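Have a look at the structure below, then the notes.
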Amino acid sequence: MVVRCSAVSETVTTAPPPAPPPRERGLTRRTWTLIVSFLVVAALGLLGGFARVPYVALGPGPTYDVLSKVKDTDVVSVEGQDTFPTKGSLRMTTVSLTDDVSLFGALGLWLSGRYALAPREEFFKPGESEEEVQKNNELAFSESQTAAEVAALHYLQYPGMVIANQVTKGSPADNVIPLGARIISVNGKQVQSAADVSSALENTKPGDRIEVAFEKDGTSKSTQLTLGTRDDGRPAGFIGISPVDRADVPFKIKISLSDVGGPSAGLIFALAIVDKLTPGELNGGKAIAGTGEITGDGTVKPIGGIAFKMVAAKEAGATAFLVPKDNCQDAKQQAPEGLKLIKVENLKDAVSSLEALNSGKDTPAC
């Protein structure tokens, strides 16, 4: 028997392989751009906020009424002499100087419109410390007070004298003429001002013998000196003293003002002294401000920062501003509206101009 076997077919289903684990997605290009941009901005912010620029910022500084008091002390006082009452205000003006300026700080000050940037080297010499600059400014301020006193008392016709302010070591005068001695005569010529010392030596030469008379501690002396050679190449002989003018009065003038430097308050100090030693109000009771370096003979010299000083004066309520003649061109172009400019060449000009202003007369204008 034949057994026929029939084929049985089966359908076999194959299972798919397991899926791989999902891959971690990296940062997109946009994210990286944002991160890099943030880091750049942060770096620039740090650079601008902390990086220092070689500039200083100049702007309007504080003003001081020299006819008034500061910290309950008279700015200008006279001891041992009767004084006259004053009215109104007479303001000395200053320029503020901001050092150690950051990049962003400098930009902000400049954009404010009240400040200007100037190279730091114009105010700080290479290798010069801030302490040295401060010391030099304080010395200039002290010398301006002395010059103001001499100029004011000379204008009021008080007697003056000349003293040896410095004696050069190793010079003919060293160990012969004491520091602070009053110089009476040089080379046979009477000395009434510091300039007289130089004029007395005009026709001399190194090696000449001259006579110098001086007084110290109430004792008068006369000595013979052999003149030396000057360092500046001039042919005249050299003594070795630095003569300065001083007032010869029985009273004392004191100027009390701290944290201010430079010579530019001299004119205003001199006017305050004149005002206190003469009857009436020199400024007519008005609010007056000004600036200017002054010499012992009353000459008013130009100063820096006139634009900032005028702004400070105007903001302090001044109606008129005394301007040194050589600053007039700049002052005229930058004066705040409503501030009257008065041109001065010397102390006599300043006094007569204030008197004219007080009486309603014309004053010299820039």
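Here the structure is a predicted model, which is why all the values come from computation and not from measurement.
Residues Ala320 and Leu357 approach most closely at CB-CD2, 4.0 Å, considering heavy atoms. In plain terms, the two heavy atoms of Gln192 and Val162 that are nearest each other are C-CG2, 3.8 Å. Contact record, Val150 with Ala247: CG2-N, 4.0 Å, taken as the closest heavy-atom pair. Shown here for Pro324 and Gly292, the closest heavy-atom pair between the two residues is CG-CA, 3.7 Å. Here the shortest heavy-atom pairing between Met310 and Ala331 reads CE-O, 3.5 Å. Residues Ala318 and Ala289 share a closest heavy-atom pair of CB-CB, 3.8 Å.
Val212 and Leu179 fall within a single hydrophobic cluster, where Ile, Leu, Val, Met, Phe, Trp and Tyr are joined by side-chain heavy atoms under 4.5 Å apart, directly or via other members. Phe84 and Val249 fall into different hydrophobic clusters, where Ile, Leu, Val, Met, Phe, Trp and Tyr residues are linked whenever their side-chain heavy atoms come under 4.5 Å apart, directly or through other members. When the side chains of ILVMFWY residues are joined at heavy-atom separations under 4.5 Å, either directly or via intervening members, Ile255 and Leu90 end up in a single hydrophobic cluster. Both Val76 and Leu347 are members of a single hydrophobic cluster when ILVMFWY side chains are connected at heavy-atom separations under 4.5 Å. A single hydrophobic cluster is seen to contain both Val70 and Ile268, as judged by linkage of ILVMFWY side chains at heavy-atom distances under 4.5 Å, directly or through other members.
To the nearest 0.5 Å, atoms CG (Leu225) and CG (Asn187) are separated by 10.5 Å. To the nearest 0.5 Å, atom NZ of residue Lys343 and atom SG of residue Cys366 are 7.0 Å apart. To the nearest 0.5 Å, the span separating CG on Leu354 from CG on Leu282 amounts to 5.0 Å. From Leu267, atom CG reaches atom CG of Leu322 across 6.0 Å, with rounding to the nearest 0.5 Å. Annotation: the span from Leu67 atom CG to Leu271 atom CG amounts to 9.0 Å, rounded to 0.5 Å. To the nearest 0.5 Å, atoms CZ (Phe308) and OG (Ser96) are separated by 8.0 Å.
The environment of CD in Glu315 is crowded: more than 12 heavy-atom neighbours from other residues, nucleotides or ligands sit within 6.0 Å. In Asp259, the CG atom is not crowded: 12 or fewer heavy atoms of neighbouring residues, nucleotides or ligands sit closer than 6.0 Å. Applying the 6.0 Å contact sphere to CD of Glu79 captures more than 12 heavy atoms from other residues, nucleotides or ligands. Within 6.0 Å of NZ on Lys216 lie more than 12 heavy atoms contributed by other residues, nucleotides or ligands.
The backbone N or O of Glu281 sits nowhere less than 3.5 Å from a side-chain atom of Thr86 that would complete a donor-acceptor pair. A donor-acceptor pair under 3.5 Å links the side-chain atoms of Thr94 to the main chain of Pro62, judged by distance alone. Listed for the Ser359 side chain is a donor-acceptor partner under 3.5 Å among the backbone atoms of Glu355. Lys314 places a side-chain N or O within donor-acceptor distance of the main-chain N or O of Glu337, the cut-off being under 3.5 Å. Looking at Ser89, its side chain never comes within 3.5 Å of a backbone N or O of Asp65 through a donor-acceptor pair.
Looking at Pro172 and Thr226, their side chains never come closer than 4.5 Å, going by heavy atoms from C-beta outward. Between Phe238 and Pro206, every side-chain heavy-atom pair lies at or beyond the 4.5 Å cut-off. Counting heavy atoms from C-beta on, the side chains of Glu143 and Val244 never come closer than 4.5 Å. Residues Asp297 and Asp245 have side chains not in contact (no heavy-atom distance under 4.5 Å, counting atoms from C-beta outward). With contacts defined as side-chain heavy-atom distances shorter than 4.5 Å, the pair Pro235/Lys205 does not qualify.
When each of Ile342, Ile288, Ile306 is tested with Phe321 by the rule side-chain contact (heavy atoms from CB on, under 4.5 Å), just one qualifies, namely Ile306. Screening Ile273, Asp74, Val75 for a side-chain contact (heavy atoms from CB on, under 4.5 Å) with Val66, the sole residue that qualifies is Val75. The only option from Glu132, Glu138, Glu131 that meets the side-chain contact (heavy atoms from CB on, under 4.5 Å) definition with Gln134 turns out to be Glu138. Here the rule is side-chain hydrogen bond (donor to acceptor under 3.5 Å, both in side chains) with Lys309, and of Thr291, Thr63, Thr93, Asn327 only Thr291 fits it. Under the side-chain contact (heavy atoms from CB on, under 4.5 Å) rule, Leu201 has a single partner from Ile210, Asp208, Asp196, which is Ile210.
With hydrogens and angles left out, the side-chain atoms of Ser258 and Lys71 include no donor and acceptor closer than 3.5 Å. Remark: the Lys286 side chain and the Thr319 side chain contain no N/O donor-acceptor pair separated by less than 3.5 Å.
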Legend entry - Worked check of side chain to side chain contact (heavy atoms under 4.5 Å, CB included) between Lys169 and Asp174: CA-CA 6 Å; Lys169 188 174 180 61; Asp174 191 20; 3.9 Å; yes
Legend entry - Trace of the side chain to side chain contact (heavy atoms under 4.5 Å, CB included) decision for Gln190 with Ser185: CA-CA 4 Å; Gln190 292 296 307; Ser185 67; 3.9 Å; yes
Inset, instruction - Would you check, one step at a time, whether the test side chain to side chain contact (heavy atoms under 4.5 Å, CB included) holds for Ile253 with Lys276? - result: CA-CA 11 Å; Ile253 296 172; Lys276 292 201 169 193; over 6 Å; no
Inset, instruction - Mind running side chain to side chain contact (heavy atoms under 4.5 Å, CB included) on Leu227 and Ile239 for me, showing each step along the way? - result: CA-CA 6 Å; Leu227 295 178; Ile239 295 180; 3.8 Å; yes
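Between Asp349 and Lys325 there is no salt bridge, since no side-chain N of the basic residue sits under 4.0 Å from a carboxylate O of the acidic one.
Every residue was checked against the salt bridge (charged side-chain N to carboxylate O under 4.0 Å, His left out) condition with Asp72, not counting sequence neighbours, and none meets it.
Counting only residues at least two apart or on different chains, the ring pair (Phe, Tyr, Trp, His ring centres under 6.0 Å) pairs with a member in residues 126-181 are Phe141-Phe269, Tyr158-Phe251.
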